[in-house]
Amino acid sequence: MMSFTERLSKNIEPIWAKIHDHPFVQGIGNGTLPQETFAYYMKQDYVYLIDYAKLFAIGSIKARDIETMGWFARLLHETFNTEMDLHRQYASEFGITREELERTEPTPINLAYTRYMLHVAQNGSLSELVSCLLPCMWSYWEIGKELYAYNGESLSKNPYAKWIEMYASDDFGELCQWLIECLDKQTNGKPEFELQVLEKHFQTTSRYEYMFWNMVYEQHEWPI
C-alpha cells in the first residue's frame, strides 16, 4: 500500500518537474548562473531561512515525545548553523556582509510564503506544520542529488559546487528522510478528509517553492 508521502510525491510530480527544469536551478547545476543572480537569491533565501527555522522551533513545542522534540531541535540547529553558515560564506565571496544579509527585505512572494507556513504552524497540528515545511527541504534534497548526479564530474569548476554538495549530502538527506517518516507516522490512520487538508498544504508550499525560484531569477521586487 502506498504511504501518504509516496502519494504526495506522485501527485506533486508536475510541479517539481518544473522546479528541476527552471533555468535558475539548471544554471546552478552547470555553473552558468550569473553570480549577481545567485547573490540576489542568497540574500532572499537568508531571510527566508530565519522564518523557516521558526517552524522547527514550533515543531518542538507541538511534539508529544522527547525524541521528536530532539529531532526538531536538531533541524533548527542545522538550519541556523550549517545551512545559514553556507549562505554567509557565499555572501562574503560576493562582498555581501552579514549585516547586509540581515537587513534584506523579503519580496512579496518570500513574505507570502513564510507567512503562510507560520500561520499554519501556529494554528494547526504538528502534521499540518510538517506538510507545509516538507516541500522546501524535500525538493532541495532532490535537486541536490540530481544536480550532483548530472554534473558531479565538473563540480571542481562550478562556483556553486558547495551548494550542490550540501543539499546532496547524506547528512541533509537524513534530516529530510526523518521528516518524511515523521509525516507518515503522523498520518497513519487519519481519515481522508484530514489527509486532503495536509495534501493541500503540501501542494500550496510546493507551488510557493516554484514561485520562489522564479522570483529570484526574475528578481521580482515590490511594484510600488
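Given the structure is predicted, the values throughout are model-derived calculations rather than measurements.
To the nearest 0.5 Å, atoms CD (E100) and CZ (R98) are separated by 13.5 Å. With rounding to the nearest 0.5 Å, the separation of CD1 in I50 from OG1 in T114 is 10.5 Å. Atom CG of L179 and atom OG1 of T5 lie 11.0 Å apart (nearest 0.5 Å). Here the OG1-OH distance, from T79 to Y52, works out to 7.0 Å after rounding to the nearest 0.5 Å. Rounding to the nearest 0.5 Å places CD1 of I15 at 4.0 Å from CD1 of I12. Note that the CD1 atom of I96 and the NE2 atom of H87 stand 10.5 Å from one another [nearest 0.5 Å].
Taking the six-membered ring where the residue is Trp, W16 and F202 present tilted rings, their angle falling between 30° and 60°. Between W178 and F72, the ring planes are perpendicular. Angles over 60° get that label, and only those under 30° would be called parallel. In this pair, F38 and F24 present their aromatic rings parallel. The plane angle is below 30°, not in the 30 to 60° band.
Clustering of Ile, Leu, Val, Met, Phe, Trp and Tyr side chains at separations under 4.5 Å places W222 together with L111.
The shortest distance between side-chain heavy atoms of L8 and L183 falls below 4.5 Å. When side chains are defined from C-beta on, K190 counts as touching S127, because their heavy atoms get closer than 4.5 Å. Side-chain contact between Q177 and M137: absent, with no pair of heavy atoms (C-beta onward) separated by less than 4.5 Å. Looking only at side-chain heavy atoms (C-beta outward), V130 and Q186 stay at 4.5 Å or farther from each other. Counting heavy atoms from C-beta on, the side chains of R74 and E174 come closer than 4.5 Å. Inter-residue side-chain proximity for I58 and Q122 is flagged as met; some heavy-atom pair is nearer than 4.5 Å. Put simply, the side chain of L147 reaches to within 4.5 Å of the side chain of I28, judged on heavy atoms. The shortest distance between side-chain heavy atoms of M211 and Y208 falls below 4.5 Å.
Using modelled atom types, no side-chain atom of N214 and backbone atom of Y210 make a donor-acceptor pair closer than 3.5 Å. In this structure, the side chain of E128 engages the main chain of S125 through a donor-acceptor pair within 3.5 Å. Side-chain atoms of T204 come within 3.5 Å of backbone atoms of K200 as a donor-acceptor pair (strictly under, hydrogens ignored). Side chain of K162 to main chain of Q89: no donor-acceptor pair is present (N/O by atom type, distance under 3.5 Å, no hydrogens or angles).
Of the N and O atoms on the side chains of E221 and Y40, at least one donor lies less than 3.5 Å from an acceptor on the other residue. Counted by atom type alone, E83 and Y167 present one or more donor-acceptor pairs between their side chains at under 3.5 Å. Inspection of the S154 and N151 side chains reveals no N or O donor paired with an N or O acceptor under 3.5 Å. Between N11 and E199, the side chains place a donor N or O and an acceptor N or O closer than 3.5 Å (distance only, hydrogens not considered). Side-chain polar atoms of N30 and T32 form a donor-acceptor pair below 3.5 angstrom. Side-chain polar atoms of Y140 and W163 form no donor-acceptor pair below 3.5 angstrom.
When all heavy atoms of A57 and L76 are compared, the pair lying nearest together is CB-CD2, 4.4 Å. In terms of heavy atoms, L101 sits closest to T104 at O-OG1, 3.0 Å. Smallest separation of non-hydrogen atoms from P135 and S206: CB-OG, 3.4 Å. Closest non-hydrogen pair, I164 versus G29, comes out as CD1-CA, 4.0 Å. In terms of heavy-atom proximity, L133 sits nearest to M117 at CA-SD, 4.2 Å. The two residues T68 and A63 come nearest to each other via the heavy atoms CG2-CB, 3.6 Å.
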- Task: Quick one: do D45 and F212 satisfy side-chain contact (heavy atoms from CB on, under 4.5 Å)? Show the steps, please.
- Result: CA-CA 9 Å; D45 201 43; F212 192 98; 4.0 Å; yes
- Item | Test side-chain contact (heavy atoms from CB on, under 4.5 Å) applied to M2 and K10, step by step | CA-CA 10 Å; M2 184 182 295; K10 182 177 184 298; 3.9 Å; yes
- Message: Before you tell me yes or no, could you show the steps for Y113 and E209 under side-chain hydrogen bond (donor to acceptor under 3.5 Å, both in side chains), namely the whole-Å CA-CA distance, both residues' side-chain angles and the distance that decides it to 0.1 Å?
- Response: CA-CA 8 Å; Y113 185 5; E209 274 297 303; 2.6 Å; yes
- Message: Could you go through N110 and T107, starting from their C-alpha distance and side-chain angles, then the distance that decides it, and tell me whether this counts as side-chain hydrogen bond (donor to acceptor under 3.5 Å, both in side chains)?
- Response: CA-CA 5 Å; N110 194 345; T107 65; 4.9 Å; no
- Message: Before you tell me yes or no, could you show the steps for W71 and S60 under side-chain contact (heavy atoms from CB on, under 4.5 Å), namely the whole-Å CA-CA distance, both residues' side-chain angles and the distance that decides it to 0.1 Å?
- Response: CA-CA 8 Å; W71 271 99; S60 276; over 6 Å; no
- Task: Show your working on side-chain contact (heavy atoms from CB on, under 4.5 Å) between L195 and R7 and close with a plain yes or no.
- Result: CA-CA 10 Å; L195 296 181; R7 163 180 156 177; 3.9 Å; yes
- Message: Does W213 form a ring-ring contact (aromatic ring centres under 6.0 Å, His included) with Y41? I'd like the steps, not just the answer.
- Response: CA-CA 8 Å; W213 289 116; Y41 156 77; 5.5 Å; yes
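Salt bridge status for E99 with R103: absent, with no side-chain N to carboxylate O gap under 4.0 Å. By the 4.0 Å N-to-carboxylate-O rule, E142 lies close enough to K145 to be salt-bridged with it. The pair K18-D21 does not meet the salt-bridge criterion, since no charged nitrogen lies less than 4.0 angstrom from a carboxylate oxygen. Using a 4.0 Å cut-off between charged side-chain N and carboxylate O, R88 and E102 make no salt bridge.
Note on V120: it does not cluster hydrophobically with V197, by side-chain heavy-atom contacts below 4.5 Å among ILVMFWY residues. Two different hydrophobic clusters hold V216 and V47 under the rule that ILVMFWY side chains link at heavy-atom gaps under 4.5 Å. Both F80 and L55 sit in one connected hydrophobic cluster of ILVMFWY residues. Membership requires side-chain heavy atoms under 4.5 Å apart, directly or through other members. Cluster membership for L175 and M69, using ILVMFWY side-chain heavy atoms within less than 4.5 angstrom, is not shared.
Atom CG of D170 is surrounded by 12 or fewer heavy atoms from other residues, nucleotides or ligands within 6.0 Å. Heavy-atom neighbours of Q196 CD from other residues, nucleotides or ligands within 6.0 Å: above the threshold of 12. Environment of OH in Y217: sparse, with no more than 12 heavy atoms of neighbouring residues, nucleotides or ligands closer than 6.0 Å. Summarising the local packing, CD of E93 is surrounded by more than 12 heavy atoms from other residues, nucleotides or ligands at distances under 6.0 Å.
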